[in-house]
Amino acid sequence: MRIYEIINKKKRNNTLTAEEIYFAVNGFVDGTIPDYQMSALLMAIYFNGMNAAETTALTMAMVDSGEVLSGLDLGGITVDKHSTGGVGDKTTLAVVPIVAACGIPIAKMSGRGLGHTGGTIDKLEAIAGFKTSFSAAEFLAIIKKHGLCIAGQSANLAPADKKIYALRDATATVDSIPLIAASIMSKKIAAGADAILLDVKTGNGAFMKNLADAEKLAHAMVEIGEGCGRKMSALITDMSAPLGCAIGNALEVREVVLFLQGKRNPLAENLYILCEELAAEMLTLAGHENAREAVQKALASGGALQKFMSMVEAQGGNTAYVENLAREQGGGEKILAPESGYICELDTEGIGIAAMLLGAGRKRKEDAIDYTAGIELKFARGSLVEKGQVVAEFFTENRDSIAEARERFLGCITFSQERVAKSYESPVIARIGG
Ligand code: URA
């Protein structure tokens, strides 16, 4: 078999066999296929796509390049969740303890944020002392004792994806649906869960800006998962407004703690609804018969809050810090509305970038984060505000960043004299699989 012929075959829009795909992935990982030939193959895939069998073979070739977690033996079906990323998306922090409080153990591996989107591991590390790196034995022991653990993804899961992603990043081949689907699913399959819930975001703060592409990506991932024997379900959810009011790591942990304590902010309803929907969907995948009722009970009884606190304690986090988060936050830089009107269109990605400029996110992978930095919104889409009213508070240790972040942020808000739809109606747009 020769890589030249495989490239040529895909360039001519023919279907690759699983053997050819394994040959390319293995050869790239072991260094016998150079970057320039793998880049050419990726570009041919970018233009000509892959069918379901090819995408599944690519996923499995990346899964087989590393360790596969199995034998979690948590007593019953294990369920995982993946979000394609957005602004203010702290759902994992709430959903994992809600599901665990309903009796389903959760072994969750999560990532860090980059650019305008945040990452669950960064948010958790905003809690003083919180550890996210464990050996497999430690990870399992925490889950067996407490019913949940959220850890950073092991470097041994799908290492081929890491190497291929770096090449895609440098060759403008990231935004290809089969390549994205295989990349995400290789890590999920390797992480070993029996059932996987996908939260595929769409809208101007999401990776997939339009609904048709989000649906294509969701279908491709559901098909791969089912092809690999997993139970799958995907929700397409709205990312044309931030989720909740907090954007930035410590601020987002605080927003989740208040939610689990039952202190709901009417402006953050889109977040609460999505957390409840995702938790119910995960329970349904795990075979729970009264998922919605169970979710409401876990929240109302304080069971979900208790699970969150026991996760913080088990993972070395400072529980007193978390308890104190609920106190009124103040001292931020107040951002005033430049005009009166209903807040209608939001440039959600731009709002994420404004938070990143304050220090809440990374421009490049190696950048450090200011965990306390971020934006607290004082409106939801659809709110009516008066000129001069506080629309947000900025938090940062770098006061020099405020002017640029303010300009960016205010440029992301459009005011209208007409009443507009509120962002706190259900963010769930469609459901695929399940
Ligand atoms: N997230 C991933 O893990 N892979 C992609 O290709 C895109 C987003």
Side-chain angles (χ1 to χ4, degrees), residues 21 24-25 28-29 38-39 41-47 49-50 54-63 65-66 68-69 80-87 89 91-92 108-122 150-193 196-203 205-210 213-225 228 230 232 234 236-237 239 349 352 361-362 364-365:
I21 291 168
V25 170
F28 180 57
V29 170
M38 194 63 181
S39 303
L41 180 59
L42 291 170
M43 194 56 88
I45 294 171
Y46 178 90
F47 281 113
M50 281 183 137
E54 288 174 295
T55 313
T56 302
L58 176 60
T59 307
M60 285 315 297
M62 296 198 289
V63 169
S65 70
V68 179
L69 293 185
D80 199 353
K81 149 187 190 289
H82 178 81
S83 156
T84 57
V87 177
D89 183 3
T91 53
T92 293
K108 180 86 185 76
M109 290 205 182
S110 292
R112 295 187 184 279
L114 187 61
H116 73 283
T117 64
T120 298
I121 292 301
D122 296 323
I150 305 179
Q153 192 167 291
S154 144
N156 300 331
L157 294 189
D161 170 62
K162 203 167 177 198
K163 195 163 177 202
I164 294 172
Y165 189 89
L167 197 61
R168 288 167 57 207
D169 207 18
T171 56
T173 50
V174 168
D175 55 339
S176 145
I177 286 177
L179 294 179
I180 297 170
S183 165
I184 292 173
M185 289 306 293
S186 66
K187 291 167 285 199
K188 293 284 116 185
I189 301 287
I196 301 164
L197 170 62
L198 303 168
D199 176 4
V200 181
K201 310 273 185 209
T202 185
F207 210 43
M208 294 289 130
K209 305 286 184 224
N210 67 64
D213 284 345
E215 284 180 334
K216 268 193 224 154
L217 178 62
H219 278 292
M221 292 196 289
V222 165
E223 211 160 8
I224 294 170
C228 296
R230 301 310 201 266
M232 297 294 301
I236 310 281
T237 70
M239 189 31 74
E349 182 169 328
R362 301 180 181 86
R364 290 162 307 153
K365 257 197 237 150

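Just so you know, ligand 1 is whichever comes first in the structure, and atom 1 is the first atom listed for that ligand.
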Of all the heavy-atom pairs spanning Ile121 and Ser110, show the shortest one and how long it is. CG1-O, 3.4 Å
Examine ligand 1 and decide if any of its atoms is less than 4.0 Å from a heavy atom belonging to Ile180. yes
Validation row: His82, Ile184 side chains within 4.5 angstrom (heavy atoms): yes
Less than 4.0 angstrom from a charged side-chain N to a carboxylate O is my criterion; do Lys201 and Asp89 meet it? yes
Can you check salt bridge (charged side-chain N to carboxylate O under 4.0 Å, His left out) on Arg362 and Asp122, steps first, answer last? CA-CA 10 Å; Arg362 301 180 181 86; Asp122 296 323; 2.9 Å; yes
Any donor-acceptor pair under 3.5 Å linking the side chain of Lys162 with the backbone of Ala155? no
Can you find a side-chain donor-acceptor pair between Thr91 and Lys81 that sits under 3.5 Å? yes
Nearest protein heavy atom with distance in Å, relative to atom 3 (O) of ligand 1: Lys187 NZ, 2.4 Å
Around atom 8 (C) of ligand 1, find the nearest protein heavy atom and jot down its residue, atom name and distance. Phe207 CE2, 3.8 Å
Ser183 heavy atoms within 4.0 Å reach ligand 1 at atoms 2 (C), 3 (O), 4 (N), 5 (C), 6 (O)
Taking distance alone, with no angle check, do Tyr165 and ligand 1 share an N/O pair under 3.5 Å? no
Any N/O pair Asp161/ligand 1 closer than 3.5 Å: no
Atom 1 (N) of ligand 1 has as its nearest protein heavy atom Ile184 CG1, 3.8 Å
